[in-house]
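Every chain is numbered from 1 and lettered A, B, ... according to where its sequence line falls, protein lines coming before strand lines.
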Amino acid sequence: MAADRSNWKRTHYCGELRPAHSGQDVVLMGWVHKNRDMGNLVFVDLRDREGLVQIVFRSDKAALIEEAKRLRTEFVVGVRGTVRPREAKNKDLATGEVEVEAKELKLFAASKIPPFAVADPPQASEELRFKHRYLDLRRPAMQRNIRLRHEAALRVRNFLSGKGFYEIETPFMTKSTPEGARDYLIPSRVYKGRFYALPQSPQILKQTLMISGFDRYFQIVRCFRDEDLRADRQPEFTQIDIEMSFIDREDLFVVIEELMASVFELIGEKLTLPFPKLSYKETMEKYGSDKPDLRIHLEMKDLTAIGKDLSADLLKNIFAAGGELKGLLLPGAGSLSRGQLDKLGEKAKSFGAKGLIWIKKQDGFKSSLRLAESEFESIWAALGGGEGDLGLLIADKKETGLKALGEIRRTWPQEKAGNKRDFKFAWVTDFPLMEWSDEEGRLVSMHHPFTSPLDEDMGLLEKEPARVRAKAYDLVLNGIEVGGGSIRIHDTELQRKIFSVLGLTPKETEEKFGFFLEALTYGAPPHGGIALGFDRLVMILAGEESIREVIPFPKTTSALCLLTNSPSEVSDRQLAELGLKLK
RNA sequence: GGGGUCGUAGUUCAGCUGGUUAGAACGCCGGCCUGUCACGCCGGAGGUCGCGAGUUCGAGUCUCGUCGGCCCCGCCA
């Protein structure tokens with residue numbers, strides 16, 4: 001029978017008791033973490049969101065100790081008692097210098113035996129953790145992560161509000177747009193056959209708010225994309241969405257850098273500002289990625305010029321087909337075995353390369369490619385190699401070589417180890433405005449269709465749109481894209497032209513974006529902004545490897561919620577009301 | 001859509017080239033215990049080997065399918 005707690009008021013959290021509280025009468029409420037029954041002496045570890053404290057039940061209260069003996073893990077109880085210094089301290093516990101000698105105990109709720117222990121690290125599969133997420137979330141690590149998430153959001157709000165930004169809501173029930181990810185759709189009951197869409201981002205509406213003169217907007221907002229999941233991708237995720245009028249890129253960089261500095265103070269990190277800037281071209285050529293992990297110091301080299309003087313026929317054919325020769329030096333890796341080199345070759349192939357050339361210098365050159373000594377010397381000099389090093393070369397289409405070597409660079413174990421609390425931010429700028437999509441058979445926006453081209457590339461828009469660079473930028477941290485944005489188009493005619501280059505017919509353009517194009521004609525200020533991936537940011541702050549660890553109720557990689565069992569079927573009646581029929 | 005990997009007691013796992021009654025630890029239940037904190041000691045219960053076919057005298061083990069977890073490619077303006 002659950003006890004009545006109406007006349008009890010909690011005085012402290014379990015986790016906050018310290019020697020200074022000694023002698024005080026306290027009332028605690030919490031979950032039984034552990035029960036140690038010594039016969040005529042019972043210890044109970046009581047847990048709440050702030051931590052654990054030991055409760056002791058002594059034999060001079062016979063009825064009380066009998067109650068305490070019946071407590072089991074995860075029972076919810078209230079305890080009234082006196083804080084005392086402990087006879088034996090426990091230095092592994094923040095409250096380990098004190099205990100609470102119980103005078104009264106109230107059982108509020110019993111618990112079934114939990115399917116896994118509420119303890120760090122979790123001794124249960126993610127599957128089981130998701131099914132009983134309410135238990136998983138009781139773990140101190142999860143309580144800490146969710147609290148950190150709250151504190152980060154609060155910092156963002158306080159910082160941006162202090163800089164004159166308004167937090168403004170935009171609708172979740174909005175309009176499907178043809179560009180970008182797959183939409184989640186909401187059928188309209190009132191207008192059968194018509195659908196709202198959940199926003200992939202509030203992009204057009206935040207730009208509309210700029211046209212409305214709000215000048216500085218932000219929103220910590222859920223976004224929805226019906227695409228496949230990853231460790232850092234959920235179908236619904238949270239963005240810090242930001243937009244500003246009358247700015248250029250540098251103005252925004254400053255605001256975001258200061259925002260990051262403020263947020264990282266939460267974990268005691270002092271960031272060095274400003275963040276380095278890399279052009280897209282530069283980062284692709286040096287690191288083979290548009291989100292380089294700058295904790296890794298390895299850089300790729302272009303060896304095409306040297307390669308063209310080499311005798312190998314293999315290379316001649318590739319160069320004739322327009323290929324390039326890219327190289328990556330791995331210091332100290334000259335001792336790798338043939339099997340390990342083969343594994344690297346397999347990895348390169350899995351990223352599309354046709355082969356991997358290796359050269360090592362250990363008592364002379366050894367290589368998978370037959371070359372003259374002087375040729376090895378010139379390659380080695382270009383790579384900056386020394387005795388005992390390994391050089392990896394890929395001769396292929398430029399993008400293929402960069403990507404494959406970039407992957408080897410990114411995952412090179414000697415470089416990855418032990419630098420979790422090293423935070424290397426960078427801005428990647430000057431992305432291509434558009435890229436060719438084989439699937440769609442047309443050019444598609446690399447960022448989104450509202451991104452402004454670089455002024456100096458504007459002339460290329462008609463004839464060579466694929467070469468136009470954009471006023472777009474990504475914020476990258478330790479190999480993770482934590483944000484992306486751009487200076488937007490605020491001119492109706494330019495915006496129409498972009499849609500047309502992207503292959504949208506005037507009719508489609510009008511149907512999907514007509515309202516926005518019209519809004520642009522009523523005095524749109526120059527503006528730009530960014531969206532930061534809030535889940536990813538909190539994940540990094542928390543030192544986690546997956547955003548599922550910082551989202552209270554995440555979905556599995558197959559987009560199921562194991563707690564609620566969604567998605568689920570609905571009744572025929574619900575379908576009929578919406579005018580829907582299943583095929 | 002594709003590739004990889006995993007699924008055995010409540011949990012985490014072991015289970016060899018197919019062969020008696022499928023094991024361990026933790027947890028759970030009962031008993032004892034006045035300073036434990038991974039409490040200890042004694043005793044006990046607990047299994048649709050994810051599911052379904054197939055091969056075989058015989059399947060946890062082999063094959064196929066299917067469901068589910070995780071990682072990756074594609075996809076993610």
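- Picking from B:C76, B:G69, B:C70 the nucleotide with the shortest atom distance to the side chain of A:T557 gives B:C70.
- Within the structure, the ring-ring contact (aromatic ring centres under 6.0 Å, His included) test picks out no pair touching residues 44-101 of chain A (sequence neighbours left out).
- Listed by chain and residue number, A:L198, A:P199, A:V221, A:R222, A:F224 satisfy the side-chain contact (heavy atoms from CB on, under 4.5 Å) test with A:F172 (two or more places apart in sequence, or in another chain).
- Using a 4.0 Å heavy-atom distance criterion, A:A88 is classed as a base contact.
- For A:F351, there are no ring-ring contact (aromatic ring centres under 6.0 Å, His included) partners, not counting sequence neighbours.
- Only A:Q54, A:R58, A:S59, listed by number, bring a heavy atom of residues 49-63 of chain A to less than 4.0 angstrom from any atom of RNA chain B.
- Among residue pairs with one or both ends in residues 495-519 of chain A, those qualifying as ring-ring contact (aromatic ring centres under 6.0 Å, His included) are A:F450-A:F513, A:F450-A:F516, A:F499-A:F513; sequence neighbours excluded.
- The ring-ring contact (aromatic ring centres under 6.0 Å, His included) check on A:H490 picks up nothing, with sequence neighbours excluded.
- Screening residues 544-553 of chain A for salt bridge (charged side-chain N to carboxylate O under 4.0 Å, His left out), with sequence neighbours left out, gives A:E126-A:R548, A:R129-A:E549, A:K420-A:E545.
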task: Do nucleotides 3-12 of chain B as a string where each nucleotide becomes B, S or -: B if the base has a protein heavy atom under 4.0 Å, S if just the sugar-phosphate does, - if no protein is that close.
output: -------SSS
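- Contacts classified as salt bridge (charged side-chain N to carboxylate O under 4.0 Å, His left out) and involving residues 530-540 of chain A (residues at least two apart or in different chains) are given here: A:R149-A:D535, A:D232-A:R536.
- Screening residues 119-144 of chain A for ring-ring contact (aromatic ring centres under 6.0 Å, His included), with sequence neighbours left out, gives A:H132-A:Y134.
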Base versus backbone protein contacts along nucleotides 38-46 of chain B [heavy-atom cut-off under 4.0 Å; B, S, -]: -B-------
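- Looking at residues two or more places apart in sequence or on another chain, you find no side chain to side chain donor-acceptor pair (under 3.5 Å) involving A:K349.
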